[in-house]
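Everything on this sheet refers to the single structure shown next.
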Amino acid sequence: MRAVDIIIKKREHLELSSNELKEFLHGYLKGDVTDYQMSAFLMAVFLNGLSDNELKVLTETMRDSGDLIHLEGVERFLIDKHSTGGVGDKTSIALAPLLSTFGIGTAKMSGKGLGHTGGTLDKFDAIPGFKFPASEEEMVKSIDHSGIGIMGQTEDIVPLDKKLYALRDVTGTVDSYPLIASSIMSKKLAVRSDGIILDVKVGDGAFMKTLENAQTLANIMRDIGSMFNRKVHIVLSGMEQPLGNAIGNGLEVYEAVESLKGNGPKDFEELITTITGIALVQKGDVKTIEEGINMAIEKLHSGEAVTALRDFVADCHGDASYIEQPEKFLTAKYKFELKAEESGCISQLKAESVGTAGMLLGAGRETKDDIIDHAVGIVLEKKVGDKVNIGDTLAVLHYNNENDKFKQSLALLQSAYVISNSNIETPKVILDIQ
Ligand code: URA
């Protein structure tokens, strides 16, 4: 069938056969189907959706378009945790070592951040010398030793997703449930794991702004998991305000390490212990998530997980003294305390504005070629539900340049806080578990 006929069929709400869709996608990979034809097809999918079989074929073809990571020889139960991205989301840095203390390995690919959300890759880069495992062999060694197998995305894994994502980004077709779900799941399916946990963020700082939208995405991803016989649990977690207190790469690693000693912010602790509880259920060590959560809380207060993180960093040629003395991350030249200008209770702390304020200081990228400053960022001292008096410190900006961008960052951070006269409850971080 000609490419144009495939596009017309999709436009007319007719279902494509497995062969038609596969041929079209392979044609695109080979260069026989052009970018403008694929753009038209993606828009037709955006408008008309995909049938279950089309969703399965698209996901499978993306998964099989590159290398698969089999992790042969790894004996640990393996979890792949994925977050849809948010502000202050340093979950993987603390979760992987915590899971390791229960004999659970982590096998996942991580990406760079763009815009107001950060990426795990950039956070580990704050550790001098650190280089992610570059091959499957190195990843196997790392999982065997520290329990942690996190690698950067390479050109050789799901290249079709990479090509399609770049096109979606410039054709207004990113925000499509089946395209997001298949894109995320193709990457999960390309890496061997025994359980997948998807942390779907909901709110101002996330892709999914409402619980309803997040639930729709979660359902499609779970359906894809079932199509490929993979165990998938989904956590819907709040992203109206940032997760934890630290935003910025070195600052977030600092907070993750402190959390592994039981000194972390409560919302962050709740998220990592809940995901650990789910992982323990998937492994079969406990019957209920609550049992698993209690075990995870105990582990956090023992400090044992710091050793796993230190071992992973050392195996990846990083300076492990940063994990032993995380205050080494606190190297920004200047600090500025943002003070409350009125008394009351914090009713909003807009995550996207805080993320963008961090980016303006240099903690994130506006365009994909921007260079990150790993020392800078924001530490929140007050969050939603906290009471404040005039003059109390709301947040501390860590920065290296007193330039216009610093001034813009400060103004944006100030506008992110809304103070109300009435009492506001501390928002829940875990909104639902499925
Ligand atoms: N993350 C992905 O990996 N793919 C999408 O399409 C959106 C977010």
Side-chain angles (χ1 to χ4, degrees), residues 25 28 38-39 41-47 49-50 54-67 69 80-87 89 91-92 107-122 150-191 193 196-210 213-225 228 230 232 234-237 239 351-352 355 364-365 368:
L25 295 169
Y28 181 59
M38 185 52 85
S39 302
F41 176 80
L42 290 170
M43 186 55 80
V45 171
F46 181 92
L47 297 171
L50 289 174
E54 288 170 336
L55 187 65
K56 182 171 184 206
V57 171
L58 172 60
T59 310
E60 190 170 40
T61 311
M62 286 198 285
R63 177 196 67 184
D64 295 340
S65 62
D67 294 346
I69 306 289
D80 187 347
K81 189 280 304 175
H82 176 87
S83 150
T84 55
V87 180
D89 187 4
T91 307
S92 297
K108 69 181 263 90
M109 279 187 289
S110 281
K112 289 182 176 183
L114 186 62
H116 70 277
T117 65
T120 303
L121 216 66
D122 300 319
I150 304 179
M151 70 188 287
Q153 260 162 31
T154 73
E155 298 292 323
D156 307 324
I157 302 168
V158 289
L160 177 58
D161 170 64
K162 214 168 177 340
K163 219 173 154 195
L164 289 177
Y165 193 89
L167 199 58
R168 286 168 55 207
D169 213 15
V170 292
T171 56
T173 51
V174 168
D175 303 340
S176 144
Y177 294 115
L179 293 178
I180 297 176
S182 56
S183 163
I184 292 176
M185 289 303 288
S186 68
K187 290 181 280 251
K188 303 296 101 188
L189 298 171
V191 180
S193 65
I196 296 172
I197 303 173
L198 302 170
D199 175 11
V200 180
K201 304 279 185 205
V202 188
D204 179 69
F207 246 122
M208 297 292 133
K209 305 287 182 205
T210 66
N213 292 353
Q215 244 141 8
T216 305
L217 179 68
N219 290 341
I220 303 174
M221 293 199 287
R222 210 195 11 258
D223 289 349
I224 296 175
F228 292 89
R230 301 286 289 264
V232 178
I234 295 177
V235 179
L236 298 169
S237 68
M239 190 40 73
E352 183 164 355
R365 295 183 189 82
K368 67 179 178 12

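In what follows, every heavy atom counts, from backbone to side chain, and hydrogens, waters and symmetry copies are set aside. In listed order, ligands and their atoms are each counted from 1.
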- Those atoms of ligand 1 less than 4.0 Å from some heavy atom in Ser183: 2 (C), 3 (O), 4 (N), 5 (C), 6 (O)

- Ser186 versus Asp161, side-chain donor and acceptor atoms under 3.5 Å: no

Tell me which protein heavy atom sits closest to [atom], plus the residue, atom name and distance to 0.1 Å.
atom                   : answer
atom 1 (N) of ligand 1 : Ile184 CG1, 3.8 Å
atom 3 (O) of ligand 1 : Lys187 NZ, 2.7 Å
atom 8 (C) of ligand 1 : Phe207 CE1, 3.5 Å

- Does an N or O anywhere in Tyr165 fall below 3.5 Å from an N or O of ligand 1?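 Checking ligand 1 against Tyr165, no N or O pair falls under 3.5 Å apart.
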
- Do the side chains of Phe46 and Arg168 get nearer than 4.5 Å, heavy atoms only? no

- Does some side-chain heavy atom of Leu25 sit less than 4.5 Å from a side-chain heavy atom of Met38?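 SC-SC contact between Met38 and Leu25 confirmed.
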
- Item | cation_pi(Lys201, Phe207) dist<6.0 Å, angle<=45 | no

- Query: Do Lys163 side-chain atoms and Tyr28 backbone N/O form a donor-acceptor pair below 3.5 Å?
  - Reply: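 Such a contact is found between Lys163 side chain and Tyr28 backbone.
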
